[in-house]
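Chain letters run A, B, ... following the sequence lines, proteins first, then strands; residues in each count from 1.
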Amino acid sequence: MKLIEALEVMKQNRVDESPTFEIQLACGFTPLHFSTFLGAHLRREFPGSQVAISTGTFGDLPGNLERLAKTQGFTIVGVIEWQDLDPRLGIRLLGGWNPPQLNDILQTVRHQATRVLMALKTLSDRNVVVLALPTLPLPPVAFTPGYSSSQLESDLQCVRATLLSKLSELKSIRVVSSQRLDQTSPHAERFDARSELSSGFPYSLSHADKLADLVSTFVRSPLPKKGLISDLDNTLWNGIVGEVNIEGISWDLDHHTQRHGLYQQVLASLADSGTLIGVASKNDPTLVEEAFSKRKPFLARDQIFPLVANWGPKSESVRKILEAWNVGPDSIVFVDDSALDLAEVKAAYPDIECLLFPRDDDKAAFNLLYKLRDKFGKIAISEEDVIRRESIRAYHDAVGAGPVEGYTPEGFLQQAGGTLTLTFLKNPPDPRALELINKTNQFNLNGRRHTEASWQQYLSDPIVFMAVASYEDKYGPLGKIAVLAGKIEGDDLMIDHWVMSCRAFSRRIEHGCLIGVLQKFSVNQITFDFLETPRNRPIRDFLGELAGDSTLSNYSITRKQLFDTCPPVYLKIQEL
Amino acid sequence: MNDIQARLTRCFAAVFPDISEHQITNASLDTVEGWDSVTAATLVTTVEEEFGIEFDADILGNLTSYESIFNYLRRTNV
């Protein structure tokens, strides 16, 4: 983005009357064009919001962070450069670069880094902080030639690495990847000495743009995709198993097919991080099962569910996988080496992201691995991520075989032995709650999303409650699958947010959630802040049934109405 | 309006969003309320990026109006 384009985006921002998204920018340099680029990129990331950026005092980054100590529920962007840790590492002050001074510079940097760490620890308790650690090159401070790494440079990098390691332990701190920044903003083109000396702004326009872009992506933290569907032949492995037989497929250096092994390695890692991995392959299913059991790819057979191998169109196999997962096509990535199959799936499901596996191009295949990490990567792996695949598999094993004699849905629910556990703790907020709020579409009261900061701000209101529901039955745990949040106003429970994972459908968990909150709070009415969205029909139908009103003109239900209309709920409902 | 004028006008409109297009050609440090050190630095950088030039440090102090910047750009044949 050029500066003039960023200014024009921000010009539009001024006349916009949408809700304001506030950012606190903490840096030691004049924010000038970085602030403009950050605002413009944030406007693109949050098109429904007006962006307001507040800045601090020039030349005092640690102080700026300390002055933010009392803020709560904000997104704070911190940009630390070497000169913020000792001005002698900048070029605006002449403090001396004599060899005897180098140790003092190092000590000052260590002291200031500790000060920054302490300030960030305080901030991260109540805010979300996106941070960039020194991005600019060191000036020629040390006495060594530039091609030699000096003791000072090594020691400063050690301080940086220690700071980074300690910050990584703080759950609300997000540090921008220096490796990714290196890829988009070449190191030698970042510093603008002329601008730094004339206005105190040290970045080239290009660097300011790239850093702001990365930071704003991080502020938005796009939700990871939920599932990956992969082809097998010439994708998961090299060769067509039906032609070269099981012994002929490969994914190793000896056969020059290592790219497939790397792809398997990433998919196995994704599978164990909570991403659903399915296979859609035009193949003989028996041969495929044999290939997995005899050749044992890095992506193990039990990390895949479901595996659909047949000779029909790929889109039909994809449909079966989507049904098994009960997720929307927009949460899915499909990888195949056949452009034709990709096009066929895309025609049937335009919202699926289709990626070509470059079977003859190592470089492109390696880049695909980065792309997959970006699409599926997550900041932390939750308990639900670990059990997701098995809970879907267990449910399908239980009901997927089709009805047997004597089977009734009612009887199935009754014998499942479900336990619904509600937790009413909101401090510290369970990160799973926000994840559910932001990724659930079907059973979602109004589709309203939150950033980490706005969610913390919402929960900080003393009258707001939050209930996180976990479920388990004899087929295994589903983990935390629902969130209700709202306020108690007199005799009325106002529900602002209610989401439930689609994995939890058909168990009357939604009824159990309402019974659970009515057990907790002595109110006589529940009012839902319902808003129809293109995809929340399941919750609309549920509320309509409860209220006995198919048009759902009234979004309230009394305690008596609930218990009168509620079908039998075979759940043990408990509070943790 | 020639090409230099059109591009310079776009720069001014982006940096000073509160002034109308017909006020831009008469804009100066004295007539535009928001013209301060920060907007001046932004204006200079925007014009430099737009025209692919770097102003000499000596003349920055003289670039205090639309007219002065336009004349500089015309003189330097950008």
Side-chain angles (χ1 to χ4, degrees), chain A residues 1-17 25 27 29-41 43 50-59 91-92 185 189-212, chain B residues 1-25 27-29 32-66 68-70 72-73 76 78:
Chain A
M1 191 187 289
K2 288 175 69 177
L3 180 59
I4 194 166
E5 292 163 347
L7 287 163
E8 284 169 349
V9 171
M10 293 312 286
K11 185 177 174 179
Q12 186 58 35
N13 186 59
R14 289 161 55 91
V15 296
D16 197 332
E17 290 180 356
L25 172 60
C27 60
F29 54 82
T30 310
L32 211 60
H33 315 314
F34 180 70
S35 178
T36 306
F37 280 119
L38 182 62
H41 282 290
R43 274 284 297 186
Q50 197 184 140
V51 177
I53 299 176
S54 309
T55 55
T57 308
F58 175 76
I91 60 169
R92 285 182 67 85
S185 179
E189 292 168 23
R190 294 179 182 180
F191 185 57
D192 186 336
R194 175 173 168 263
S195 171
E196 168 71 334
L197 292 175
S198 65
S199 60
F201 182 69
Y203 293 164
S204 66
L205 289 181
S206 163
H207 182 54
D209 175 36
K210 301 297 183 207
L211 182 59
Chain B
M1 192 181 281
N2 64 31
D3 181 53
I4 294 178
Q5 267 182 316
R7 289 159 70 194
L8 184 59
T9 300
R10 185 182 168 207
C11 293
F12 267 77
V15 176
F16 301 110
D18 291 333
I19 61 173
S20 63
E21 200 167 317
H22 77 271
Q23 288 174 303
I24 284 177
T25 46
S28 73
L29 182 61
V32 178
E33 199 177 335
W35 192 316
D36 56 22
S37 59
V38 173
T39 48
T42 305
L43 179 63
V44 164
T45 311
T46 308
V47 173
E48 285 181 340
E49 187 189 36
E50 174 61 26
F51 290 91
I53 56 164
E54 273 192 11
F55 290 115
D56 294 336
D58 307 343
I59 67 124
L60 284 177
N62 301 330
L63 302 177
T64 55
S65 65
Y66 178 93
S68 61
I69 298 174
F70 175 71
Y72 177 89
L73 294 171
T76 49
V78 291

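- With a threshold of 4.5 angstrom between heavy atoms, A:Leu205 approaches chain B through side-chain atoms but not through N, CA, C or O.
- Every residue two or more places apart in sequence or in another chain that forms a side chain to side chain donor-acceptor pair (under 3.5 Å) with A:Ser185 is listed here: A:His207.
- Across A:His33, A:Lys2, A:His41, a single residue satisfies side-chain hydrogen bond (donor to acceptor under 3.5 Å, both in side chains) together with A:Asp209, and that is A:His41.
- Atom CD1 in B:Ile69 sits 8.5 Å away from atom CD1 in B:Ile59 (nearest 0.5 Å).
- Comment: B:Arg7 engages B:Glu50 in a salt bridge, judged by a side-chain N to carboxylate O separation of less than 4.0 angstrom.
- Residues of residues 34-41 of chain B lying under 4.5 angstrom from chain A, judged on non-hydrogen atoms, are B:Val38, B:Ala41 by number.
- Note that CE of A:Met10 and CD of A:Gln50 are 8.5 Å apart. Values are rounded to the nearest 0.5 Å.
- Checked by atom type and distance alone, the side chain of A:Ser35 never pairs as donor or acceptor with a backbone atom of A:Leu32 at under 3.5 Å.
- With chain A as the partner, the residue from B:Val15, B:Thr42, B:Val44 showing the most heavy-atom pairs under 4.5 Å is B:Thr42.
- Of the atoms belonging to B:Ala13, heavy atoms from both backbone and side chain fall under 4.5 Å from chain A.
- B:Phe51 pairs by the ring-ring contact (aromatic ring centres under 6.0 Å, His included) definition with nothing, not counting sequence neighbours.
- Proximity to chain B involves both the backbone and the side chain of A:Leu3, based on heavy atoms less than 4.5 angstrom apart.
- Screening residues 52-62 of chain B for salt bridge (charged side-chain N to carboxylate O under 4.0 Å, His left out) gives A:Arg194-B:Glu54 as the qualifying pairs, with residues at least two apart or on separate chains.
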